[in-house]
Novice: 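Submitted below is the structure of interest, expressed as structure tokens.
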Amino acid sequence: MAWLQVLRVLALGEGEMSGPMQRSSQPQFISSVERNNQSNGPGTPLIDSIDVDQIVIPEKNSWKNLFSYIGPGFLVSIAYIDPGNFETDLQAGAQYKYELLWIILIASCAALIIQSLAARLGVVTGKHLAEHCRAEYPKATNFILWILAELAVVACDIPEVIGTAFALNMLFKIPVWCGVLITGLSTLMLLLLQQYGVRKLEFLIAILVSLIATCFLVELGYSKPNSSEVVRGLFVPELKGNGATGLAISLLGAMVMPHNLFLHSALVLSRKVPRSVHGIKEACRFYMIESAFALTIAFLINISIISVSGAVCGSDNLSPEDQMNCSDLDLNKASFLLKNVLGNWSSKLFAVALLASGQSSTITGTYAGQYVMQGFLDLRMTPWIRNLLTRSLAILPSLIVSIIGGSSAAGQLIIIASMILSFELPFALVPLLKFTSSRTKMGQHTNSKAISVITWGIGSFIVVINTYFLITSFVKLLLHNGLSTVSQVFSGIFGFLGMLIYMAAILYLVFRKNRKATLPLLEGDSTVRIVGRDTATEGEGSLGHLPREDISSMQLPQQRTASDLD
């Protein structure tokens, strides 16, 4: 029983427990309680954890601590070089040459700031974004936000499904629709590889993705893009036509993904950060440095892909076959861009890197889905079941589109999925900005005025460009769909009503005041007590008992026995 475990720990002490005794008495939950018995409100964060899977950060002030923080930012950055990014980058370069490079620059800078805020929220409060949403919002709002977050995870998985299908087509000449079905088995492959450990798996993936990045960088030397045009594209914003606006939204959605905010705020909880003011500030600083390094690499990869695509497809001496590929460029045809570097091996090596990119993104998607479900609903699933569920929901539209429209339509589905991510971004970004700007949640670690202005400006820009695209696209659809006047009127009413609901939902999140206080807890304010699973309270108050060891146990490569999960 739980109270017997408490007595056993208190009697023996942590140092005297070893072997089977230590495993059998390991607590299910750990929470913190103030010495003066005053609660900081629901969702009180953890101060300490005796979970052996956590990485313990030393209290001493040293730049060497940076190496202990490396990991979450690189895992998150995988989502910035997934098949969805490859597809949108290739089409942006082929259709508009270098004109949309500024979107990548803005999105990368925005991603660095936003991801740093997500990491800070987790470090300071000891809870991730989904947990904060469950503590803060009413049940109906929380449920809607959970549905939107799950849709974002599925929308993120669609490019991975199609990208993997394209890779299998290039490697083994398997039809795209068959490849879509085969991607359902990628869960089993991950389960097979996880026995070798997460570090080795991620290292292998990093090597394969770095290979294609190196190839694109070398290809830059062969394609020789006009440097002045590249610089102009980076620093002179312009959008020529509604097609450019739609592609810009896709680039934003592919770069700043809503599920990444939930993911990053949870991954940082795998580190046992010193709970002093200095320790928290150091953790936030090092996580920002790590994220900056990882996202800079992703930025260079995306810039090189657009530049190569723009330079090659904008060349005057293209063969008729290459001109046809550029006019309808997708992942399945992109290997011809690397012929100068790889020759006849271009298709195979690009397929291997694309396969690695899709599978590495599957890991981040699985983690994000786990944290979203656990945070919003306090519900956990076995990782392979969670992955299989998400993958099944992503396979259905991918399969239908690939059968009906072939690889070209499947490539367009990637663009649509990226646009969906952009439309859903405010429903994760606004709560994050509200929480990190709240002194009742972050204490002295709230956003500065400059960061608040920048981040709210980023959020406003995303909402404005999304709304502009929705309105212009819908009006164009109404005027050219051939419907009768009555049908156009009713379609217009329902369409604009949907847009009003979209805007009203965002404004509700923006102007709703935070009502739950979850001040950060420092070492001097609390002690650690151990509680069993049976003593966890239900509902809102149970957030204070969420163990940070479950953040580690939800990650795929954990080797746990059945007794550990009972």
Novice: Any pair with a residue in residues 286-296 that passes side-chain hydrogen bond (donor to acceptor under 3.5 Å, both in side chains), sequence neighbours left out, goes on the list, sorted by first then second residue, please.
Specialist: none
Novice: For residues 415-431, dump all side-chain donor-acceptor pairs below 3.5 Å to protein atoms at least two apart in sequence or in another chain.
Specialist:
unit_1	atom_1	unit_2	atom_2	d
Ser418	OG	Ile414	O	3.1
Ser422	OG	Asn466	OD1	3.0
Glu424	OE1	Ala152	N	3.2

Novice: Could you walk me through whether Lys281 and His445 pass side-chain contact (heavy atoms from CB on, under 4.5 Å), step by step?
Specialist: CA-CA 8 Å; Lys281 288 184 177 179; His445 303 283; 3.9 Å; yes
Novice: Identify, with sequence neighbours excluded, every residue that meets side-chain contact (heavy atoms from CB on, under 4.5 Å) alongside Thr436.
Specialist: Leu117, Leu121, Leu432, Met442, Asn447
Novice: Are Phe262 and Phe376 near enough that their ring centres are under 6.0 Å apart?
Specialist: yes
Novice: Closer than 3.5 angstrom, by distance alone: can the side chain of Asn514 be matched with the main-chain N or O of Glu136 as a donor-acceptor pair?
Specialist: no
Novice: Does the side chain of Tyr80 come within less than 4.5 Å of Ile301's, by heavy atoms?
Specialist: no
Novice: In Å and rounded to the nearest 0.5 Å, what is the CG to CG distance from Asn85 to Asn302?
Specialist: 5.0 Å
Novice: Looking only at heavy atoms, which two atoms of Pro72 and Leu267 are closest? And how far apart?
Specialist: CB-CB, 3.8 Å
Novice: Give me the ring orientation class for Trp102 and Phe461: parallel if the planes are under 30° apart, tilted from 30 to 60°, perpendicular past 60°.
Specialist: perpendicular
Novice: List the atom of Cys156, the atom of His259, and the distance in Å for their closest heavy-atom pair.
Specialist: SG-CE1, 3.2 Å
Novice: For Leu269 and Ser265, work out which heavy atoms get closest and say how close.
Specialist: CG-O, 3.8 Å
Novice: Report the distance from atom NZ of Lys516 to atom SG of Cys133, rounding to the nearest 0.5 Å.
Specialist: 14.0 Å
Novice: Mind listing the closest non-hydrogen atom pair of Arg512 and Pro138 along with its distance?
Specialist: NH2-CD, 3.8 Å
